[in-house]
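Note that the coordinates shown come from a computational prediction; the quantities given were computed from them, not determined experimentally.
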Amino acid sequence: MGASGWDYSVKWEGSIEATFAKLRRDAFESGDFYWPWEDGDSENLKPRSLEEWDGSKYGNGYPGAHSIVDIREVVSGVELDDLLPHQSLAFTAEELVALLGSATPTTQDWERIGGVKAEELGEYEADTDSARHLVLWGEGEPELVVFWGISGD
């Protein structure tokens with residue numbers, strides 16, 4: 001099948017960790033992940049929780065979820081080249097200013113460059129099985145978080 005690109009824009013939930021955890025849980029519970037096997041396949045029982053997913057062969061390699069479910073933690077303060085699989089790296093203030101003109105960009109700033117379709121994002125792209133994220137601001141406080149990445153087999 002090959003790896004899949006994906007993206008999510010979600011409401012800020014008080015912290016980046018809480019926002020990420022809610023998104024990942026909601027994606028898993030809604031079935032927003034790749035599952036090629038029939039229900040009831042005794043060789044490939046579908047995990048019933050994120051904990052089961054993370055401990056299974058599906059959450060640790062082939063074929064992967066092809067969604068945010070493949071990401072397990074949000075990190076900051078590491079170089080893009082040091083990003084590990086299953087991590088989403090926050091944009092630095094310097095990256096935000098270079099890309100969007102502000103360390104506290106708005107939805108309008110993001111839309112102005114074309115959002116996740118923007119060619120400029122290429123130099124900030126994470127490797128397969130990892131992701132990037134940034135916070136969009138409104139009225140002086142965080143409003144949305146955008147996550148995007150590539151994952152899966």
Side-chain angles (χ1 to χ4, degrees), residues 1-93 95-96 99-100 104-105 107 110-111 113-118 120-138 141-153:
M1 173 176 185
S4 301
W6 45 262
D7 62 89
Y8 302 84
S9 295
V10 294
K11 182 178 155 279
W12 177 257
E13 296 290 340
S15 72
I16 193 63
E17 294 81 9
T19 304
F20 167 72
K22 181 179 185 327
L23 169 60
R24 187 170 186 251
R25 183 179 59 253
D26 289 352
F28 183 85
E29 290 174 358
S30 72
D32 181 21
F33 59 92
Y34 177 67
W35 189 258
W37 299 281
E38 297 286 328
D39 285 341
D41 178 343
S42 62
E43 295 292 314
N44 295 288
L45 295 176
K46 192 174 193 177
R48 296 173 304 213
S49 68
L50 278 172
E51 293 75 21
E52 279 186 26
W53 175 272
D54 289 346
S56 74
K57 63 182 178 183
Y58 315 109
N60 289 289
Y62 178 81
H66 296 254
S67 77
I68 192 72
V69 173
D70 283 323
I71 306 303
R72 296 192 186 158
E73 72 176 323
V74 290
V75 297
S76 61
V78 300
E79 296 294 321
L80 185 55
D81 291 339
D82 296 329
L83 187 63
L84 299 174
H86 306 291
Q87 293 181 327
S88 180
L89 177 61
F91 264 59
T92 65
E95 288 174 325
L96 290 169
L99 181 65
L100 298 164
T104 55
T107 301
W110 182 240
E111 290 171 351
I113 68 157
V116 295
K117 306 279 189 258
E120 299 89 340
L121 286 180
E123 73 179 270
Y124 303 102
E125 193 170 280
D127 288 337
T128 300
D129 293 325
S130 54
R132 296 297 310 264
H133 64 273
L134 56 81
V135 176
L136 298 175
W137 292 68
E141 59 187 31
E143 184 174 65
L144 295 171
V145 182
V146 181
F147 293 89
W148 68 96
I150 300 171
S151 65
D153 57 351

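Looking at residues two or more places apart in sequence or on another chain, you find a ring-ring contact (aromatic ring centres under 6.0 Å, His included) between F28 and F33. Residues satisfying the side chain to side chain contact (heavy atoms under 4.5 Å, CB included) test with A118, not counting sequence neighbours, are I113, E120, L121. Residues that satisfy the salt bridge (Lys or Arg N to Asp or Glu O under 4.0 Å) test with E73, not counting sequence neighbours, are absent from this structure. Remark: D127 pairs with S130 by the side chain to side chain contact (heavy atoms under 4.5 Å, CB included) rule, at least two apart or across chains.
Here the CG-CZ distance, from L84 to R72, works out to 12.0 Å after rounding to the nearest 0.5 Å. The distance from the CZ atom of F147 to the CD1 atom of I71 is 9.5 Å, given to the nearest 0.5 Å. Distance check: E38 CD to N44 CG gives 11.0 Å after rounding to the nearest 0.5 Å. Rounding to the nearest 0.5 Å gives a distance of 10.5 Å between CH2 of W137 and CG of L96.
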Between L134 and W148, is the side-chain contact (heavy atoms from CB on, under 4.5 Å) condition met? List the steps. CA-CA 9 Å; L134 56 81; W148 68 96; 3.8 Å; yes

Sequence neighbours excluded and cut-off under 3.5 Å, please list the side-chain donor-acceptor pairs for residues 8-15, or say none.
residue	atom	partner	partner atom	Å
Y8	OH	D32	OD2	2.8
Y8	OH	I68	N	3.4
S15	OG	A18	N	3.0

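Closest approach of V69 to A27, counting heavy atoms only: CG2-CB, 4.0 Å. The minimum heavy-atom distance between D70 and G152, with the atom names listed, is OD2-N, 3.7 Å. In terms of heavy-atom proximity, P47 sits nearest to S56 at CG-OG, 4.1 Å. Nearest heavy atoms, W6 versus S151: NE1-OG, 2.9 Å. Here the closest heavy-atom approach between residue A90 and residue S76 is recorded as CB-CB, 4.0 Å. Here the shortest heavy-atom pairing between Y34 and W53 reads O-CH2, 4.4 Å.
Residues R132 and F91 are in side-chain contact: their nearest non-hydrogen atoms beyond the backbone lie under 4.5 Å apart. When side chains are defined from C-beta on, V116 counts as touching W110, because their heavy atoms get closer than 4.5 Å. Using a 4.5 Å heavy-atom cutoff, the side chains of E125 and I150 are in contact.
Sequence neighbours left out, the pairs with a member in residues 15-28 that pass salt bridge (charged side-chain N to carboxylate O under 4.0 Å, His left out) are K22-D26, R24-D54.
Panel note: side chain Q87, backbone L83; no donor-acceptor pair is recorded below 3.5 Å.
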